Amino acid sequence: MRVLITGGAGFVGSHVADLARERGHDVVLLDNLLPQAHGGVPAWVGEHELVVGDVREVDVLRPLLDRVDVVCHQAAVVGHGVDPSDAPVYASHNDYGTAVLLAAMHEAGLGRLVLASSMVVYGEGRYSCPEHGIVRPGPRRQAAVDAGEFEPPCPVCGAALVSELVPEDAPIDPRSTYAATKAAQEHLASAWARQTGGHVWALRYHNIYGPRMPRDTPYAGVASLFRSALERGEAPTVLEDGNQRRDFVHVADVALANVLACERAGTEGALTPVNICSGTPHTVGDMARELARACAGPRPRIVGGARPADVRHVVADPAAAREVLGFEAQVGFEAGVEEFATAPLREPPRA
């Protein structure tokens with residue numbers, strides 16, 4: 001099988017490329033090496049075929065799509081970003097880029113797509129109220145966050161809620177610019193599948209960490225921010241009270257999920273969303289403490305507050321991934337963080 005991996009020089013895409021090749025597949029990488037994310041061509045591209053080009057350019061896509069069997073679409077601007085002024089950049093790369101890719105795939109008669117989606121499409125995770133059952137809390141009030149009241153209350157009675165595992169049929173409720181663009185990617189891909197009879201695996205990544213993670217950029221994930229602070233000899237800074245629940249999943253496991261999806265045909269005319277997670281929730285404070293221990297660095301500082309659009313708890317139900325992809329995470333939290341403490345990261349972006 002021949003696989004086109006967009007964003008193939010990046011964090012996740014490069015790991016997908018390595019594993020796909022190990023499993024006997026041919027791969028070609030497409031990456032525009034955005035200066036906001038890359039300091040040059042990463043060494044780990046190695047002997048992979050790399051085409052430097054933009055997924056938003058149909059003339060770049062056409063000759064590549066004519067010689068592949070499936071597209072693994074990782075190319076995106078990711079992370080929390082700086083502020084809403086990032087919106088045009090996110091929408092251009094994530095949504096317009098996906099639209100151009102889908103149109104070009106249709107022209108090429110190519111009907112199989114693996115899409116890098118994200119748990120951010122859920123907004124807040126799944127919660128239950130002792131009296132009202134499963135409920136959807138609204139956005140947290142800034143005044144409550146400022147007062148140290150981080151847990152979202154029941155929207156009906158105001159009672160304390162219990163954080164539950166999020167299944168794939170949970171409502172989509174994006175609460176940041178990045179989240180909105182990932183939800184739009186899913187909608188575009190779902191419409192394409194219905195119109196063409198193609199199939200999309202929408203892999204909703206939870207909090208990925210591991211080697212080749214980007215660093216020293218506002219678009220990096222929390223594990224990378226903690227690692228960068230520790231390398232400077234500083235204590236990791238943890239917002240809120242550190243008890244925000246997440247599912248931290250190692251990039252090697254994310255790569256495995258992608259290759260399994262590339263290898264497996266899905267239901268024609270449909271988009272199938274799948275949580276890609278470890279299945280073992282931890283808190284943000286857990287990550288900071290475990291990484292500080294592994295780096296022999298200072299203990300984390302808990303500073304309160306929260307960034308706009310931050311959510312409290314998002315933890316995933318891994319059942320569907322086992323059922324439809326045969327995927328189960330292989331890397332445990334402690335072993336993964338121990339490796340990440342000294343793993344190579346992506347070079348800082350160019351100025």
Side-chain angles (χ1 to χ4, degrees), residues 80 117-176 178-179 182-183 203-209 221-223 226 236 238-250 253-254 273-291 300 302-322 328-329 332-334 336-337:
H80 201 282
S117 188
S118 172
M119 57 88 172
V120 296
V121 301
Y122 296 123
E124 281 287 352
R126 185 178 178 91
Y127 294 86
S128 63
C129 170
E131 182 176 352
H132 298 99
I134 299 298
V135 295
R136 294 286 295 173
R140 294 184 294 175
R141 296 181 300 109
Q142 189 61 47
V145 170
D146 292 343
E149 300 169 3
F150 303 118
E151 298 290 343
C154 174
V156 181
C157 67
L161 298 175
V162 176
S163 172
E164 308 279 1
L165 299 181
V166 183
E168 286 82 356
D169 62 358
I172 288 181
D173 185 19
R175 299 190 179 186
S176 69
Y178 172 58
K182 298 310 283 186
L203 305 185
R204 292 176 177 169
Y205 302 158
H206 285 253
N207 289 71
I208 311 174
Y209 71 99
V222 67
F226 292 162
V238 181
L239 298 179
E240 302 186 26
D241 57 3
N243 292 325
Q244 309 95 299
R245 297 176 75 225
R246 298 290 188 269
D247 189 309
F248 293 98
V249 58
H250 194 274
D253 286 323
V254 176
V274 188
N275 285 325
I276 303 303
C277 60
S278 73
T280 306
H282 288 86
T283 68
V284 174
D286 289 340
M287 171 58 81
R289 287 186 291 271
E290 189 68 18
L291 191 55
I302 310 296
V303 299
R307 297 178 301 182
D310 272 355
V311 298
R312 181 61 173 172
H313 304 298
V314 187
V315 293
D317 187 338
R322 287 195 299 267
E328 290 189 78
F333 182 72
E334 290 77 12
V337 175

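Because the structure is a prediction, the values reported are computed rather than measured.
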Please lay out, stage by stage, how M287 and H282 fare under the test side chain to side chain contact (heavy atoms under 4.5 Å, CB included).
CA-CA 7 Å; M287 171 58 81; H282 288 86; over 6 Å; no
The test is side chain to side chain contact (heavy atoms under 4.5 Å, CB included); show your working for Y178 and V120 and say whether it passes.
CA-CA 8 Å; Y178 172 58; V120 296; 3.9 Å; yes
If you apply the rule side chain to side chain contact (heavy atoms under 4.5 Å, CB included), what do you find for D173 with E124, and how did you get there?
CA-CA 8 Å; D173 185 19; E124 281 287 352; 5.9 Å; no
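Scanning both residues, K182 and S117, for their nearest heavy atoms gives CE-CA, 3.9 Å. Scanning all heavy atoms of the two residues, the minimum distance from V284 to V222 falls at CG1-CG2, 4.2 Å. When all heavy atoms of D310 and R140 are compared, the closest pair comes out as O-NH2, 3.2 Å. Contact record, G125 with R136: O-NH1, 3.4 Å, taken as the closest heavy-atom pair. Annotation for R204 and V121: closest pair NE-CG2, 3.8 Å, computed over non-hydrogen atoms. Nearest heavy atom pair, residue A306 against residue E240, reads CB-OE2, 3.7 Å.
Side chains of H206 and S278 form no contact here, defined as non-hydrogen atoms less than 4.5 Å apart. Looking at P137 and L161, their side chains come closer than 4.5 Å, going by heavy atoms from C-beta outward.
Checking side-chain atoms of D317 against main-chain N and O of L165 turns up no donor-acceptor pair under 3.5 Å. At distances below 3.5 Å, at least one donor-acceptor pair connects side-chain atoms of D247 with backbone N or O atoms of G279.
In this structure, C277 SG and E328 CD are separated by 10.5 Å, a value rounded to the nearest 0.5 Å. How far SG of C157 is from NE2 of H132: 5.0 Å, rounded to the nearest 0.5 Å. Atoms CG and CD, on D286 and Q244 in that order, are 10.5 Å from each other to the nearest 0.5 Å. Expressed to the nearest 0.5 Å, how far CZ of R141 lies from CG of D146 amounts to 10.0 Å. Atom CZ of R126 sits about 4.0 Å away from atom CD1 of I134, to the nearest 0.5 Å. Rounding to the nearest 0.5 Å places CD1 of I208 at 9.0 Å from CE of M119.
Every residue two or more places apart in sequence or in another chain was checked for a ring pair (Phe, Tyr, Trp, His ring centres under 6.0 Å) with F150, and none qualifies. Every residue two or more places apart in sequence or in another chain that forms a side-chain contact (heavy atoms from CB on, under 4.5 Å) with A170 is listed here: Y122, V166, P167. With sequence neighbours left out, the ring pair (Phe, Tyr, Trp, His ring centres under 6.0 Å) criterion links Y127 to no other residue. Residues passing the ring pair (Phe, Tyr, Trp, His ring centres under 6.0 Å) test with H250, sequence neighbours excluded: Y209.
For residues 275-285, no pair satisfies salt bridge (Lys or Arg N to Asp or Glu O under 4.0 Å), with sequence neighbours left out. Residue pairs meeting the side-chain hydrogen bond (donor to acceptor under 3.5 Å, both in side chains) criterion with at least one member in residues 150-163, sequence neighbours excluded: E151-R312, E151-H313, S163-R245.
In this model, no donor atom of one side chain and acceptor atom of the other lie less than 3.5 Å apart for T283 and N243.
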